[in-house]
Amino acid sequence: MKKLFLLSIVSLFVLISANINLTPLARTHGPRIKVKNGQSTNWSGYAVETNLSNPQNNAVSNVQGSWVVPAVDCSGSTSNKYSSAWVGIDGYSDGSVEQTGTEHDCINGSAQYYAWYEMYPKFGYKVPLTVHAGDTISASVKYLSNGKFQLTLQSSNGQSFSTTQKSARAGRQSAEWVVEAPSSSGGVLPLANFGTTSISSAQATLNNVVGNVQSFANDRIDMVTSGGTVIKAQTSSLQNSGTAFSVTWLHE
């Protein structure tokens, strides 16, 4: 019994140390900046709710999906540009987002990739999961109980990461699968040329009903400039019986 107790203490210490050593994100992945239904200045992809005009609180308990990490094109410019792909709960019509995903940026003309989680508006963190273009990432955000969420990433390279985090303000109104232009204190950042990102195995649970994107009230979102005049990233129609779609970069 003493030996088992000692091992438990050691395991707990390793877990706490790992959390302390996580690197805070320099950028944020905040709620959708709405132009109108179907358009956003920072999101592209799909969101689902019980009702888009009057969503129910505490409805969403799980979201999951997979994507292939895109190879960003950093040629022809040394200016920094950014993109990310993630699944999450909240953020479509409320002010929090519980999310995890991958980053694909151009920094000083070179491609950089990493994985992260964020319980917005709290700081997000890079996680110890190696990310390369071409890796298949499977991600999920699951509500446990008492404000706790389990955020999980699994990679085709054999690595995985999972963490349990708590949010006191999560409304659990929406689930989403998003390709995003991250933000900083100065606003939405220039969008890196990610080509096309393909999302698959998209599934959510609302009011204990498990379904794909088209099982629920859903919004197909294109990323646009603030006036809605230029499409920056275009989202395809649903494929594979509502479980898959793609997002294509058009403009930074």
Side-chain angles (χ1 to χ4, degrees), residues 11-12 14-19 21-25 27 29 45-48 60-72 83-91 97-105 111-120 122-145 148-167 170 172 174-180 182 194-206 210-213 239-247:
S11 298
L12 180 60
V14 171
L15 176 60
I16 292 173
S17 297
N19 284 335
N21 291 331
L22 293 179
T23 304
L25 295 179
R27 290 163 286 282
H29 306 82
Y46 278 86
V48 299
V60 181
S61 57
N62 189 50
V63 61
Q64 60 190 58
S66 300
W67 61 90
V68 176
V69 176
V72 286
S83 70
S84 59
W86 53 268
V87 302
I89 296 174
D90 287 320
V97 199
E98 304 81 47
Q99 57 191 317
T100 188
T102 56
E103 192 84 8
H104 339 107
D105 299 339
Q112 293 188 6
Y113 303 92
Y114 60 86
W116 54 268
Y117 78 85
E118 187 169 357
M119 299 289 289
Y120 186 91
K122 294 180 181 179
F123 287 114
Y125 293 90
K126 292 183 181 180
V127 304
L129 187 94
T130 303
V131 178
H132 296 109
D135 291 345
T136 298
I137 302 294
S138 296
S140 67
V141 178
K142 181 179 181 180
Y143 179 70
L144 300 176
S145 62
K148 293 181 180 180
F149 293 81
Q150 183 180 52
L151 304 96
T152 302
L153 290 169
Q154 293 183 314
S155 174
S156 58
N157 66 22
Q159 297 181 10
S160 63
F161 174 84
S162 184
T163 183
T164 299
Q165 301 292 324
K166 191 168 185 178
S167 172
R172 295 198 287 124
S174 63
E176 50 267 335
W177 305 260
V178 171
V179 178
E180 183 183 39
F194 57 83
T196 296
T197 299
S198 297
I199 311 291
S200 61
S201 303
Q203 182 176 288
T205 304
L206 277 68
V210 180
N212 56 46
V213 180
Q239 304 155 7
N240 294 344
S241 301
T243 64
F245 63 92
S246 61
V247 176

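For reference, positions follow the sequence shown, starting with 1.
- Annotation: ring-ring contact (aromatic ring centres under 6.0 Å, His included) contacts of H29 (sequence neighbours excluded): W116.
- Partners of N240 according to the side-chain hydrogen bond (donor to acceptor under 3.5 Å, both in side chains) rule, which considers only residues two or more places apart in sequence or in another chain, do not exist here.
- Contact annotation: the side chain of H132 never approaches that of V69 to less than 4.5 Å [non-hydrogen atoms, C-beta and beyond].
- The line from CZ of F149 to OG1 of T164 is 11.5 Å long, rounded to the nearest 0.5 Å.
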Using the side chain to side chain contact (heavy atoms under 4.5 Å, CB included) rule, take Q203 and V210 through it: C-alpha gap first, then chi angles, then the decisive distance, then the call.
CA-CA 7 Å; Q203 182 176 288; V210 180; 3.4 Å; yes

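- Minimum heavy-atom separation, V48 to A204: CG2-CB, 4.4 Å.
- Annotation: side chain to side chain contact (heavy atoms under 4.5 Å, CB included) contacts of P24 (sequence neighbours excluded): Y125.
- Shown here are the side-chain hydrogen bond (donor to acceptor under 3.5 Å, both in side chains) partners of W86, two or more places apart in sequence or in another chain: E180.
- Using a distance-only test at 3.5 Å, with no hydrogens or angles considered, a donor-acceptor pair links the side chain of W177 to the main chain of Q64.
- Residues S241 and N212 come closest through the heavy atom pair O-ND2, 2.6 Å.
- Taking the ring-ring contact (aromatic ring centres under 6.0 Å, His included) definition, one finds that F245 meets it with Y46, sequence neighbours left out.
- Using a 4.5 Å heavy-atom threshold, the side chains of I89 and S61 count as separate.
- Atoms OG and CZ, on S174 and R172 in that order, are 11.5 Å from each other to the nearest 0.5 Å.
- Between Q99 and V87 the shortest side-chain heavy-atom distance does not fall below 4.5 Å.
- The nearest pair of heavy atoms linking P70 to A133 is O-CB, 3.9 Å.
- A distance of 9.0 Å separates CD1 of I137 from OG of S66, quoted to the nearest 0.5 Å.
- Looking at residues two or more places apart in sequence or on another chain, you find no ring-ring contact (aromatic ring centres under 6.0 Å, His included) involving Y113.
- In this view, Y143 satisfies the side-chain hydrogen bond (donor to acceptor under 3.5 Å, both in side chains) rule with no residue, not counting sequence neighbours.
- Here Q159 pairs with T130 under the side-chain hydrogen bond (donor to acceptor under 3.5 Å, both in side chains) rule; sequence neighbours left out.
- Atom-to-atom distance recorded for K166:NZ and K122:NZ is 9.0 Å, nearest 0.5 angstrom.
- Not counting sequence neighbours, the partners of T152 by the side chain to side chain contact (heavy atoms under 4.5 Å, CB included) test are S140, Q150, Q154, S162.
- The shortest distance between side-chain heavy atoms of E176 and V97 falls below 4.5 Å.
- Listed here is the closest heavy atom pair of A244 and S200: CB-CA, 4.1 Å.
- With sequence neighbours left out, D135 forms a salt bridge (Lys or Arg N to Asp or Glu O under 4.0 Å) with no residue at all.
- Heavy atoms only, all atoms of each residue included: S155 and L129 are closest at CB-CD2, 4.4 Å.
- In plain terms, the two heavy atoms of P128 and L22 that are nearest each other are CD-CD2, 3.6 Å.
- In this structure, R27 and E103 have side chains that are in contact, with non-hydrogen atoms separated by less than 4.5 Å.
- If you take CD on E98 and OH on Y120, they are separated by 12.5 Å, rounding to the nearest 0.5 Å.
- For T196, the side chain to side chain contact (heavy atoms under 4.5 Å, CB included) partners at least two apart in sequence or on another chain are S198, S246, T248.
- Under the side chain to side chain contact (heavy atoms under 4.5 Å, CB included) criterion, T100 pairs with Y117, A139, V141, L151, L153, sequence neighbours left out.
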